[in-house]
> 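Below you'll find the structure I mean.
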Amino acid sequence: MKHSQYSVQQRARGCIEEESLINQKLPKELLLRIFSFLDIISLCRCAQVSKPWNLLALDGSNWQKIDLFNFQTDIEGAVVENIARRSGGFLKKLSLRGCQSVGDNALKTFAQQCHNIEELNLEECKQITDATCVSLSRNGRKLQRLELASCSNITDESLKALAEGCSNLVHLNISWCDNITEKGVSALSRGCNKLKSFVAKGRLFIDNDSVMHLAEYCPLLEVLNFNGAASITDDSIQKLAQNCPNIHYLCVSGCANLTDTSLMALAQHCHKLSTFEAAGCSQFTDGGFQALARVWRPTLYFFAYCVHLILCCFVSKNCHYLEKMDLEDCVLISDNTLTHLAAGCPRLEQLTLSHCELITDDGIRQLGMAPCSAEHLTILELDNCPLITDASLEHLVSCHNLQRIELYDCQLITRAGIRRLRNHLPNIRVHAYFAPMTPPPPVGGSRQRYCRCCVIL
Amino acid sequence: MALAKASNRSPRLTEGLNQGDAEERRCSKKKSKICTDFSENSEYADLAEKVFQDVNAAFERDELIDEFDIVPVESKANHSPVLHVASEHKLALEAWCVPYLFTHSYKSFLAVRRKQKCSLSSLISSTNPSKYGSFKASNFSESDRINRGLVLSRTLVLLNPDITMAWNFRRDFVPIVSPAILEAELRLVSLVSTRKPKCPEGFVYRRWLINQAFKNHLLLPETIGEWFPIEVKSIEIPILKYFSNYHAWSYRMWLLQKILYDQGIPLEQKLLVLESEVNCTDAWMNTQVSDYCGHHYRHKLLHLLQLTVPENSSTTHHEKFIARMKKELDQNAKQIELYEGHESLWCHRRAVMKMLLEYLADNGSDECNNSHSVIIKDLVYNEQKFVSLIISDDNVAENSKERTTLNCNHCRKYVAWTNAQFSKFNWQLSTNDFNSSQSCI
């Protein structure tokens with residue numbers, strides 16, 4: 001990232017060939033246009049060629065989108081300041097993901113110089129504090145997308161500042177920011193009414209109040225992720241469902257207090273919901289799920305670890321567009337469910353049944369005969385299903401598109417069964433705890449070559 | 001398709017191996033061939049990654065794993081090759097999976113170390129993306145990389161503790177800042193030594209850990225009574241597992257010297273530590289008769305005992321030390337009679353005798369000559385008695401036992417050596433009968 005360091009030789013050559021051929025033939029505008037297609041490394045290289053090229057390559061118009069992720073450990077604050085000065089108002093997208101040595105001062109300069117910034121990614125920039133967000137809110141009126149995941153020094157003050165200054169914010173990610181409380185989230189939701197996507201994974205700071213505030217002030221919300229917010233209850237989800245009809249992605253994994261009431265409310269109001277993740281919400285039962293399945297056209301359900309789920313016909317009756325279904329560790333799932341899934345979800349591509357211990361060969365037979373399996377089914381995970389035998393594999397022979405099947409720890413499966421399956425589906429990847437047929441070749445291979453010579457002679 | 005992708009990858013891997021620094025090349029010289037062959041089949045990688053995840057899951061479930069080994073089992077049933085007995089904190093791997101697991105983790109580790117995000121992701125993306133998705137190229141940040149490197153290095157040192165690179169990775173990225181981390185790292189080293197008790201790298205790493213702990217004030221001089229016995233106990237496992245374990249004994253010596261030469265530790269504490277070590281090895285010496293390393297440690301220990309003089313009590317210390325040395329010789333004599341034909345016992349006797357003689361030569365002159373000469377007289381008398389006893393043994397039980405003859409040969413050598421030493425004092429032992437030789441004195 002050293003832009004203007006010439007060696008003495010280069011400088012001398014620059015004086016002699018003041019106007020080299022390429023510079024004579026091509027006008028500066030064209031060169032600039034060509035440069036605009038280059039990536040950072042090539043631009044920096046070009047900047048070292050000659051003085052005129054240096055000017056052109058470092059022209060701000062070439063530096064509208066910068067991703068420094070590949071240099072994450074090397075970037076110091078000074079580099080960010082230089083970039084900010086060079087590109088000025090041109091810069092729209094900047095990713096500093098993982099640049100841990102970038103601090104507040106650099107980003108302050110940056111915010112002052114690049115007032116047109118729209119997308120900023122500061123994930124894992126662990127040194128930045130509230131000062132960064134304050135300066136951003138003062139200068140970055142156009143900021144739309146901001147990633148602050150794993151910036152552990154960020155507190156409520158930041159969110160308040162953002163709420164004041166960046167009213168255009170559409171996307172915000174504050175996952176794993178431990179020092180944020182519900183107050184900050186409430187303030188944010190009051191200020192940034194245009195918020196469409198809000199991601200807050202992995203900590204407990206999201207509670208009922210903050211979700212309610214979000215629901216009240218940000219009706220445009222589409223993507224919501226509350227992964228791990230254990231204190232959320234049905235009330236807030238109900239309000240959310242009522243106020244934000246546009247939600248199409250919702251993740252409430254790990255919110256163990258939620259019950260079927262939430263599902264009912266969602267089913268009533270959020271008709272656009274296509275992806276719903278609820279891993280570990282153990283109070284969900286088939287009643288609520290039935291309500292959901294009646295109205296939605298989801299493409300993905302993620303219900304891992306919901307132990308009460310039995311899942312029957314209603315899924316299959318209503319979810320014709322379902323593509324992915326994850327039922328890991330839903331121990332009550334039985335063959336019956338599979339029969340209905342197979343009959344009713346003709347587009348099913350990916351099915352996870354890990355640790356579903358009641359499933360037997362019969363269920364797999366139903367799956368194998370179904371219309372979905374021959375056409376679409378590509379991934380089937382059956383690991384830790386102890387009742388499955390080689391017969392299951394024979395039922396799956398007709399699934400031509402099957403690319404991967406997981407059979408880890410299915411102890412009734414034998415090598416012979418897998419071999420038969422391979423004969424029918426040569427491209428399939430079977431994952432089981434069997435050692436591969438040909439062990440990795442031993443180091444001493446020279447002796448074998450000698451033997452081959454003997455054979456030829 | 002996967003096959004084609006893999007074959008594209010292999011030349012880059014070999015190129016990378018050529019570029020690696022000297023240390024890497026030394027480690028990977030033997031393995032590189034396996035690595036390149038291995039990459040041609042991605043199905044190995046899937047299996048190996050799964051086994052690797054299983055191992056990590058076992059470590060997450062159970063932090064107190066205290067024994068690891070590889071069980072010679074063939075792959076017959078479709079169950080996990082990671083055997084983990086949680087109630088007893090034991091971990092084992094079935095032998096068939098070890099080559100796959102090792103090559104896979106070694107290759108991934110090299111990739112992690114060189115920050116080759118692309119090659120790593122192409123390796124990982126062939127496996128289940130939903131489960132191991134955090135290692136996708138676009139998603140692979142610096143802390144992810146380090147975390148993965150740490151778990152990989154853990155598996156690597158378990159399987160092959162001679163990989164210095166893996167230990168060095170831990171040195172670089174494990175911050176020894178809290179007692180919990182220190183304990184976890186020490187536990188890992190102990191775990192490694194249960195399968196490979198003689199591995200020098202583990203002890204070197206342990207030394208580094210202790211140094212770091214001292215630097216960061218995690219091991220305080222005040223609490224030496226608490227952590228020193230634990231440390232000694234963890235060292236005794238490899239000592240018992242592997243006979244004449246030089247690396248373990250020299251680590252023990254290093255630890256002792258570190259404590260004795262530390263300015264911050266009070267003298268009483270040092271004496272206590274020395275005393276406990278003497279007692280510890282006393283019991284040990286009774287059972288292990290031909291462990292050279294252990295005898296050497298004992299010899300050094302006695303030497304340190306001689307050098308560490310408690311304040312204001314040099315005369316009592318002098319007497320105590322002489323008594324201790326005599327006791328040592330007596331004990332040794334008993335063992336020589338009991339366990340015949342062990343050269344290490346004779347060597348130890350020589351070492352003790354030499355130390356005693358030198359000590360007497362240095363300190364004896366300014367003491368009152370009377371007691372000094374008594375001590376020496378006593379010493380020579382005892383030696384003569386002991387030597388004659390051994391020799392007479394040979395005469396009685398002639399051509400009965402090979403061991404006895406061997407013992408006598410050792411004895412004759414010892415006498416020759418002792419006479420050379422004694423000649424300064426004009427004394428002599430003889431190999432003849434005890435009664436006749438008394439006249440020599």
Side-chain angles (χ1 to χ4, degrees), chain A residues 67 69-75 95 97-101 123-126 149-150 302 304 324 326 328 350 352 354 379 381 383-384 386 388-390 403-404 406-415 417-418 422 427-445, chain B residues 1-3 29-51 53-54 73-82 94-104 107 115-118 126-131 137-146:
Chain A
D67 185 351
F69 179 61
N70 291 331
F71 316 97
Q72 38 182 335
T73 44
D74 314 327
I75 295 291
S95 169
R97 210 179 134 217
C99 302
Q100 301 194 0
S101 37
E123 203 176 325
E124 279 202 65
C125 298
K126 295 191 174 165
S150 305
F302 188 77
K324 288 183 189 169
D326 186 329
E328 183 173 350
Q350 197 174 327
T352 303
S354 312
I379 295 174
E381 298 185 6
D383 48 298
N384 296 291
I388 287 184
T389 70
D390 285 350
Q403 286 173 5
R404 178 156 63 83
E406 303 242 343
L407 295 169
Y408 291 118
D409 246 343
C410 302
Q411 307 214 0
L412 297 175
I413 299 279
T414 64
R415 269 177 202 275
I418 292 175
R422 280 228 176 97
N427 291 328
I428 196 170
R429 291 218 310 272
V430 183
H431 289 177
Y433 280 128
F434 288 123
M437 284 304 163
T438 45
V443 186
Chain B
M1 198 193 82
L3 210 75
K29 205 187 271 173
K30 283 180 193 163
K31 284 17 181 236
S32 64
K33 200 174 160 65
I34 301 180
C35 282
T36 48
D37 289 337
F38 174 79
S39 65
E40 282 162 16
N41 197 330
S42 70
E43 214 159 293
Y44 295 164
D46 286 333
L47 177 72
E49 180 68 25
K50 173 75 181 164
V51 175
Q53 298 291 341
D54 285 353
V73 176
E74 276 183 42
S75 162
K76 278 184 182 156
N78 184 11
H79 65 77
S80 178
V82 180
E94 293 187 358
W96 63 267
C97 76
V98 171
Y100 304 106
L101 180 61
F102 180 77
T103 40
H104 172 75
K107 210 164 62 124
K115 308 188 189 181
Q116 279 180 339
K117 292 183 202 93
C118 310
S126 63
T127 64
N128 186 343
S130 69
K131 276 180 187 160
S138 61
N139 223 349
F140 200 72
S141 74
E142 186 68 10
S143 56
D144 287 340
R145 187 179 78 88
I146 290 169

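Chain A is the first sequence line, chain B the second, and so forth, proteins listed ahead of strands; every chain is numbered from 1. Just the heavy atoms: all of them, side chains too, but no hydrogens, waters or symmetry mates, feed the values below.
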> Drop me the distance from A:Y433's OH to B:L47's CG, to the nearest 0.5 angstrom.
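Between atom OH of A:Y433 and atom CG of B:L47 there are 8.5 Å.
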> Rounded to the nearest 0.5 Å, how far apart are CD of A:E124 and CG of B:D144?
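Reported value, rounded in 0.5 Å steps: 6.5 Å.
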> Taking only residues two or more places apart in sequence or in another chain, which ones pass side-chain hydrogen bond (donor to acceptor under 3.5 Å, both in side chains) with A:N384?
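Residues passing side-chain hydrogen bond (donor to acceptor under 3.5 Å, both in side chains) with A:N384: A:H355.
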> For A:D67, enumerate each residue passing the side-chain hydrogen bond (donor to acceptor under 3.5 Å, both in side chains) test, keeping only those at least two apart in sequence or located in another chain.
A:S95
> Quick one: what part of A:L407 sits under 4.5 Å from any heavy atom of chain B, side chain, backbone, both or neither?
both
> Locate the shortest heavy-atom distance separating B:N78 from A:C410; write the atom from each residue and the value.
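Scanning both residues, the minimum pair turns out to be ND2-O, 3.0 Å.
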> Chain B: which of A:T414, A:I413, A:N427, A:D409 shares the most heavy-atom pairs with it under 4.5 Å?
A:D409
> Side-chain contact, heavy-atom cut-off 4.5 Å: A:Y408 with B:S80?
no
